[in-house]
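Fair warning: this is a prediction, and the values are worked out from it, not measured in the lab. Letters A, B, ... are given to chains in the order of the sequence lines, protein chains preceding strands, and every chain is numbered from 1.
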Number of protein chains: 2
Amino acid sequence: MTRSFEPDATDRAILRLIQKDAALSLADIAKEVGLTPTPCWKRIRKMEQEGVITGRVVLLDPEKVGLGVSVFVAIETGDHSAPWIEAFATTVAKMPEIVECWRLGGDVDYLLRVVVPDMQAFDSFYRRLTAQVPSLRKVTSRFAMERVKSTTALPI
Amino acid sequence: MTRSFEPDATDRAILRLIQKDAALSLADIAKEVGLTPTPCWKRIRKMEQEGVITGRVVLLDPEKVGLGVSVFVAIETGDHSAPWIEAFATTVAKMPEIVECWRLGGDVDYLLRVVVPDMQAFDSFYRRLTAQVPSLRKVTSRFAMERVKSTTALPI
DNA sequence: GTGTAGAAGGAAAATCTTTCTGTTGCAAGT
DNA sequence: ACTTGCAACAGAAAGATTTTCCTTCTACAC
């Protein structure tokens, strides 16, 4: 796979800035990277069109909105067929409590992060998950005690 | 812990929208939630001041910027003292490849997600991590094969 | 050398958004 | 019924984004 996009030092500088704070005005970004607003805007638009920038979002404090409990769920499946994988992905997509789902190599097949208000809500989620997904061989839930670090900024 | 902020249905509707797309104009948001731009803006500003909204960021496609490899690192430590915990948190904060770090309850003490360009870069990271952090009892790395789901939008 | 094409930057104007002002309407409490 | 407080609205001002057009620089051909 050859990369279609090769950001130069200025592109990277812009990305580093707006990965941290997308509310910066073009004037501010431009000043930081040593350009005027126009070429800066052109670079950002190009990166949006090429799909390098996939979106702009606001981040919320989970505690403040009553969603302070994160649980990691490690799943080992007994069925590795394509239809099972596809059905599982569909189920995952439909459950908003699942904010992350990764298919892994090795002993664990899937790792989920689930966000809920409290343990009771997690229990309710857990029942729904295990009821809907067949062929689960082993499901291990680990509760997060502390969010030591969590960033959306990639180390570019 | 009593929640200082109680969002009403309109606040939640606004948050659901801008969690998905923060580039929406106030006019668009207002139309969606059935308000005019001004009260809408006041609600958003209030939520920013109260810390409910912690930031606005752009999200990047990891593949497109050459950071397509995510690795989950599960850590069991032999030292559970406060100074060790603090030193570990400091080290984690300083390593930009670590995009997430959670302290867990149960058998695994910490779970990290590490983002790197390739396996070689992961090896380099791994060496640096194990060299800098003392008293690691067990470190298990699992490579992500597929990002089935990954969202910053909380199920509010 | 000279000419040309393409890429990247910049200035200024047009357009659109955000932010602020003052005002109105509604609901709860007296 | 009257006040009080909150949340909404309309419209204006301030500010940001987006467009247009122009200049510069480099690479390549003649």
* Would you check if there is a donor-acceptor pair between the side chains of B/D79 and B/T77 at a distance under 3.5 Å? => no
* Asked: Does a donor on one side chain sit under 3.5 Å from an acceptor on the other, for B/W102 and B/E100?
  -> yes
* To do: Please list residues of residues 36-46 of chain A whose heavy atoms come under 4.0 Å from any atom in DNA chain C, ordered by number; otherwise none.
  => A/T36, A/T38, A/P39, A/K42, A/R43
Please give, in whole Å, the distance from [N] [atom2] to [X] [atom1]?
X     : N      : atom1 : atom2 : result
A/I29 : C/dG10 : CD1   : C1'   : 17 Å
A/Q49 : D/dT18 : CD    : P     : 11 Å
A/R56 : C/dT17 : CZ    : C1'   : 14 Å
B/K31 : C/dT17 : NZ    : C1'   : 14 Å
B/L24 : C/dC16 : CG    : C1'   : 15 Å
B/L26 : D/dA13 : CG    : P     : 20 Å

* With under 30° as parallel and over 60° as perpendicular, where do the rings of B/Y126 and B/F122 fit, or are they tilted in between? -> tilted
* Does the distance from a Lys or Arg side-chain N to an Asp or Glu carboxylate O, for B/D8 and B/R43, drop under 4.0 Å? -> yes
* Asked: In terms of side-chain geometry, is the basic nitrogen of A/R45 or A/E50 positioned less than 4.0 Å from the acidic oxygen of its partner?
  -> no
* So, does A/K149 use its side chain to make a donor-acceptor pair with the main chain of B/I98 at under 3.5 Å? -> yes
* Asked: Which residue, B/R103, B/K138, B/H80, forms the side chain to side chain donor-acceptor pair (under 3.5 Å) with B/D109?
  -> B/H80
* Under the side-chain hydrogen bond (donor to acceptor under 3.5 Å, both in side chains) rule, what do A/S70 and A/R113 come out as? Steps first, then yes or no, please. => CA-CA 7 Å; A/S70 269; A/R113 182 160 66 91; 3.2 Å; yes
* Which stems, defined as runs of 3 or more consecutive Watson-Crick or G-U wobble pairs with both pairing distances under 3.5 Å, involve DNA chain C? -> C:1-30 with D:1-30
